[in-house]
Visitor: 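This is the structure I have questions about; it appears just below.
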Amino acid sequence: MYQAPRGTQDILPADQPYWRTILQTVERLAQTYGYARIDTPIFEDTSLFERGVGGGTDIVDKEMYSFEDKGGTPITLRPEFTAGVMRAYIEHGMRTWPQPVKLYSTGPIFRYERPQAGRFRQHHQFNVEAIGAQDPALDLEIMSVAWQLYTELGFGGLSFQLNSTGCPQCRPAYLHALKAYYQPHESAVCDDCRRRLQRNPLRVLDCKKESCQAIIAGSPHIIDYLCAECAEHFSRLRHYLDLLGRPYELNHRLVRGLDYYTKTVFEVWASGIGAQNALCGGGRYDGLVEELGGPPTPGVGFASGLERIVLLMKAQDIEPESLGPAPFLLAYQGAEAKDSAVRLVNELRAGGMGAILTFGDRSMKAQLRQANRSGVRFVLIIGPDELAEAQITVRDMAGGAQQRIARADFFAWAKERVL
RNA sequence: GUGAGCGUAGCCGAGAGGUUAAGGCACCUGGUUGUGGCCCAGGAGAUCGUGGGUUCGAUCCCCACCGCUCACCCCA
């Protein structure tokens, strides 16, 4: 028997209200903050991601869905949004638009990983980018989108994590200090960390091994090594956060897996949804557009995982908005009555009123049972009696009260009830 | 890629080495020859994940594979 591929899932009707609620909130917020929607292709040239995300990252090294298309072009299913959006910024000359250009997207993302709670091979993200301004107030704005999104969804108990990763000017000095600090501890540290010190030293700060914790705790903090520009940027961002009374945790160990981040990095953490607790992650990427062949252009953004939002809604018992059932169900008996029912259901729908018809000429009992389960408010019964008198029997499912209404008057009656 | 746990109908879930593999939910039919939710009766639905082995016999024992779940890694 066929199954959905590993790490993918069907979003069944029962779950759609969650998605609908999230997407509606997201779209309303984007409008509120002045972000315009952009949809980029689900796949791009492989080299775009290799360049943008960076060789040496897990995403590029082992998580991309890459293949050659029939023309032999190396293609990759997008493992994140940012690279594709930056490509579009460059390709469409968006530097001639009023800056910053503020864009958002939602859609599927692909990474070849072992699935677990809150992690999938195909998942969906809400992505926000503000390109073309280096103002820390813009970092604040981006963080505010995340803040307001989770607030409006009704989440509690979230933790905002903030750090700065410096820039190409000041980071080397920090990495040097970090390596120097680790030198005497190299034998005490785990195998992974020894490897990280060579490949990607920042990541040692992220290690969860018990044996490494004490060493991490004593390690130097990057914010003590920031250049004047980065330090100023960071302190102004913190000032703005204080201005709005936004609590956050200064996390010296927060480093992110993608190469392109500069200055601000942040994540929002939740509890109760498993080990994969990051609801969103983002930050500033001032070198990325240039790296992809565009002019030097600053940018800041974040992406939030929609599956994780759904998980958290369920964990926190947050009820999504539901569309509800159609108000009418037509039950008929006899071929002639069926003709009349088919006509009436068409008429109601054309008039914008929700109506469902039963199929298969089932017994009245079966039709009412279906009506009960569907949650419709009224059952419209048409049988030989009604036909003979040009009437419709209307049954109110709440109490079971029935009344006969002349066929000619019914449409007006219905409109009054449900529109 | 590594580790652990688990795989019995759409879902949940009992079960013993040996005649027809419980039960509940959901579904269908009937009890009301035109009427739901409760109740009653009945029905349909399972090659007991797959393959091999042990055995007179395996769904239950052994092995392999596949799948699912959680965790590591890493991230949304």
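Note that these values count all heavy atoms, side chains included, but never hydrogens, waters or copies made by symmetry. So that the names make sense, note that chain A is the first sequence line, chain B the second, and so on, each numbered from 1. Just so we're clear, the structure is a prediction, and the values are computed from it rather than from any experiment.
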Visitor: Compute the centroid of each ring, for A:Tyr174 and then for A:Tyr225, and state whether the two points are separated by less than 6.0 Å.
Guide: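 Aromatic pair counts; centres sit under 6.0 Å.
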Visitor: Which stems does RNA chain B form, counting runs of 3 or more consecutive Watson-Crick or G-U wobble pairs with both distances under 3.5 Å?
Guide: B:1-7 with B:66-72, B:10-12 with B:23-25, B:27-31 with B:39-43, B:49-53 with B:61-65
Visitor: Do A:Tyr240 and A:Pro136 make a side-chain contact, defined as non-hydrogen atoms from C-beta onward lying under 4.5 Å apart?
Guide: yes
Visitor: List for me each residue that meets side chain to side chain donor-acceptor pair (under 3.5 Å) alongside A:Arg51, sequence neighbours excluded, and say none if there are none.
Guide: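 So A:Arg51 forms no side chain to side chain donor-acceptor pair (under 3.5 Å) with any residue.
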Visitor: Is any side-chain heavy atom of A:Pro320 closer than 4.5 Å to one of A:Tyr18?
Guide: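 Yes; the side chains approach each other to less than 4.5 Å.
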Visitor: Are side-chain N/O atoms of A:Thr393 and A:Gln402 paired as donor and acceptor at under 3.5 Å?
Guide: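 A:Thr393 vs A:Gln402: no donor-acceptor pair found between side chains.
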Visitor: What I want to check is whether the side chains of A:Arg253 and A:Ser219 have a donor and an acceptor closer together than 3.5 Å.
Guide: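 Not at all, the side chains of A:Arg253 and A:Ser219 share no donor-acceptor pair under 3.5 Å.
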Visitor: Among B:A76, B:U35, B:G36, find the nucleotide with the atom closest to the side chain of A:His123.
Guide: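 Selected nucleotide: B:A76.
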Visitor: With hydrogens left out and only the distance checked, is there a donor-acceptor pair under 3.5 Å joining A:Gln116's side chain and the base of B:C73?
Guide: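 Answer is yes: a donor-acceptor pair is held.
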Visitor: Just so I know, are the side chains of A:Asp58 and A:Arg111 near enough to count as touching, which here means a heavy-atom distance under 4.5 Å?
Guide: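 No; the side chains remain at least 4.5 Å from each other.
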Visitor: So what does A:Gly400 touch, heavy atoms closer than 4.0 Å: a base, only the sugar-phosphate, or nothing?
Guide: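 Result for A:Gly400 = base.
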Visitor: With no hydrogens and no angle check, do the side chains of A:Glu129 and A:Tyr89 hold a donor and an acceptor under 3.5 Å apart?
Guide: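 Absent: no donor and acceptor within the cut-off.
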Visitor: Is any N or O donor-acceptor pair between the side chain of A:Arg119 and the base of B:C73 shorter than 3.5 Å?
Guide: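 For A:Arg119, whose side chain was compared with the base of B:C73, there is a donor-acceptor pair (under 3.5 Å).
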Visitor: Which atom pairs, donor and acceptor, lie under 3.5 Å between side-chain atoms of residues 299-307 of chain A and protein residues at least two apart or in another chain?
Guide:
residue	atom	partner	partner atom	Å
A:Ser304	OG	A:Tyr150	OH	2.6
A:Ser304	OG	A:Leu279	O	2.9
A:Glu307	OE1	A:His124	N	2.9
A:Glu307	OE2	A:His124	N	3.3
A:Glu307	OE2	A:His124	ND1	2.7

Visitor: Using atom C1' in both nucleotides, what's the gap between B:U55 and B:C63 to the nearest angstrom?
Guide: 16 Å
Visitor: Using the 3.5 Å cut-off, write out each protein N or O paired with an N or O of nucleotides 42-50 of chain B and the distance between them.
Guide:
none

Visitor: Rounded to whole Å, how long is the line connecting atom OH of A:Tyr150 with atom P of B:A76?
Guide: 11 Å
Visitor: Using heavy atoms to find the nearest nucleotide of RNA chain B for A:Asp396 and A:Gly281 separately, return the residue whose nucleotide is more 5′.
Guide: A:Asp396
Visitor: Which whole number of Å gives the distance between the P atom of B:G36 and that of B:A71?
Guide: 48 Å
Visitor: Apply side chain to side chain donor-acceptor pair (under 3.5 Å) to A:Thr262 and list each qualifying residue two or more places apart in sequence or on a separate chain.
Guide: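 Expected list: none.
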Visitor: Among B:G34, B:A71, B:G36, which is the nearest nucleotide to the side chain of A:Asn372?
Guide: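 Between B:G34, B:A71, B:G36, the one nearest the side chain of A:Asn372 would be B:G36.
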Visitor: Dump the pairs, protein N or O against N or O of nucleotides 3-11 of chain B, anything under 3.5 Å, distances to one decimal.
Guide:
residue	atom	partner	partner atom	Å
B:G3	O6	A:Arg114	NH2	3.3

Visitor: For the residue pair A:Pro74 and A:Asp45, establish whether any side-chain heavy-atom pair is separated by less than 4.5 Å.
Guide: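 In short, these two side chains do not touch, never coming nearer than 4.5 Å.
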Visitor: Are side-chain heavy atoms of A:Asn127 and A:Ile109 found at a separation under 4.5 Å?
Guide: no
Visitor: Round to the nearest Å and state the distance from A:Arg362 atom CZ to B:C28 atom C1'.
Guide: 8 Å
Visitor: Output side-chain donor-acceptor pairs under 3.5 Å for residues 263-274 of chain A, partner residues at least two apart or in another chain, one line each.
Guide:
residue	atom	partner	partner atom	Å
A:Lys263	NZ	A:Glu229	OE2	2.8
A:Thr264	OG1	A:Asp139	OD2	2.6
A:Glu267	OE1	A:Trp269	NE1	2.8
A:Glu267	OE2	A:Arg256	NH1	2.8

Visitor: Can you check the A:Glu113 CD to B:U2 P distance for me, whole Å?
Guide: 16 Å
Visitor: Could you tell me the separation between the NE2 atom of A:His233 and the SG atom of A:Cys167, rounded to the nearest 0.5 Å?
Guide: 11.0 Å
Visitor: For a quick check of understanding: with a heavy-atom distance under 4.0 Å over all strands, which category does A:Ala371 fall into, base, sugar-phosphate or nothing?
Guide: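 A:Ala371: no heavy atom of the nucleic acid under 4.0 Å.
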Visitor: Taking CG from A:Leu254 and P from B:C74, how many angstroms apart are they, rounded to a whole number?
Guide: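 Nearest whole value for this atom pair: 14 Å.
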Visitor: Considering only atom P, compute the distance from B:G7 to B:G45 and round it to an integer number of Å.
Guide: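 It comes out at 26 Å once rounded to the nearest Å.
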Visitor: Please classify the nucleic acid contact of A:Leu279 as base, sugar-phosphate, or nothing, using heavy-atom distances under 4.0 Å.
Guide: sugar-phosphate
Visitor: Give me the residues of residues 34-47 of chain A where at least one heavy atom lies under 4.0 Å from an atom of RNA chain B, by number, or none.
Guide: none
Visitor: For nucleotides 30-33 of chain B, tabulate all protein N/O to nucleotide N/O atom pairs closer than 3.5 Å, reporting atom names and distance.
Guide:
residue	atom	partner	partner atom	Å
B:G31	N7	A:Lys365	NZ	3.1
B:G31	O6	A:Lys365	NZ	3.3

Visitor: Going by heavy atoms closer than 4.0 Å, what residues in residues 381-388 of chain A are next to RNA chain B?
Guide: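 Per residue number, the list reads A:Ile381, A:Asp385, A:Glu386.
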Visitor: Round to the nearest Å and state the distance from A:Leu202 atom CG to B:C74 atom C1'.
Guide: 15 Å
Visitor: Determine the contact category for A:Ala270: base if any of its heavy atoms lies under 4.0 Å from a base atom, sugar-phosphate if only primed atoms, P, OP1 or OP2 are that close, otherwise nothing.
Guide: nothing
Visitor: Suppose you measure atom P in B:A76 against the same atom in B:C62; what distance do you get, rounded to whole Å?
Guide: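 Nearest-Å result for B:A76 against B:C62 at atom P: 43 Å.
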Visitor: Report the distance from atom CZ of A:Arg373 to atom P of B:C38, rounded to the nearest whole Å.
Guide: 10 Å
Visitor: A:Gln402 CD to B:G37 C1': how many Å, rounded?
Guide: 14 Å
Visitor: Expressed in whole Å, how much space separates the P atoms belonging to B:U19 and B:G42?
Guide: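 These two P atoms come out 25 Å apart once rounded.
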Visitor: Parallel under 30°, tilted from 30 to 60°, perpendicular over 60°: which one fits the rings of A:Tyr182 and A:His185?
Guide: perpendicular
Visitor: On RNA chain B, compare the nucleotides closest to A:Asn277 and A:Ala4; which residue's is nearer the 5' end?
Guide: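 The residue mapped nearer the 5' terminus is A:Ala4.
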Visitor: In whole angstrom, give the distance that lies between atom CD of A:Glu129 and atom P of B:A76.
Guide: 12 Å
Visitor: For A:Thr358, what residues pass the side chain to side chain donor-acceptor pair (under 3.5 Å) criterion, not counting sequence neighbours?
Guide: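 Side chain to side chain donor-acceptor pair (under 3.5 Å) check on A:Thr358 returns A:Gln367.
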Visitor: Can you tell me which nucleotide in B:A76, B:C72, B:A71 comes closest to the side chain of A:Gln276?
Guide: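 Closest nucleotide to the A:Gln276 side chain: B:C72.
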Visitor: Check every strand shown and say whether A:Phe126 touches a base, only sugar-phosphate, or nothing at a heavy-atom separation below 4.0 Å.
Guide: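 Contact class for A:Phe126: none.
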Visitor: State, without any angle test, whether A:Tyr65 and A:Gln122 hold a side-chain donor-acceptor pair at a distance under 3.5 Å.
Guide: no
Visitor: Between A:Arg78 and A:Leu48, is there a side-chain heavy-atom distance shorter than 4.5 Å?
Guide: no
Visitor: For A:Arg37, which residues count as a side chain to side chain donor-acceptor pair (under 3.5 Å) partner, sequence neighbours excluded?
Guide: A:Asp39, A:Thr106
Visitor: I'd like to check A:Thr297 versus A:Met86 (side-chain heavy atoms, cut-off strictly below 4.5 Å). Are they in contact?
Guide: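 No; the side chains remain at least 4.5 Å from each other.
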Visitor: Would you say that A:Phe155 contacts A:Leu149 through its side chain, given a criterion of any heavy-atom pair below 4.5 Å between the two side chains?
Guide: no
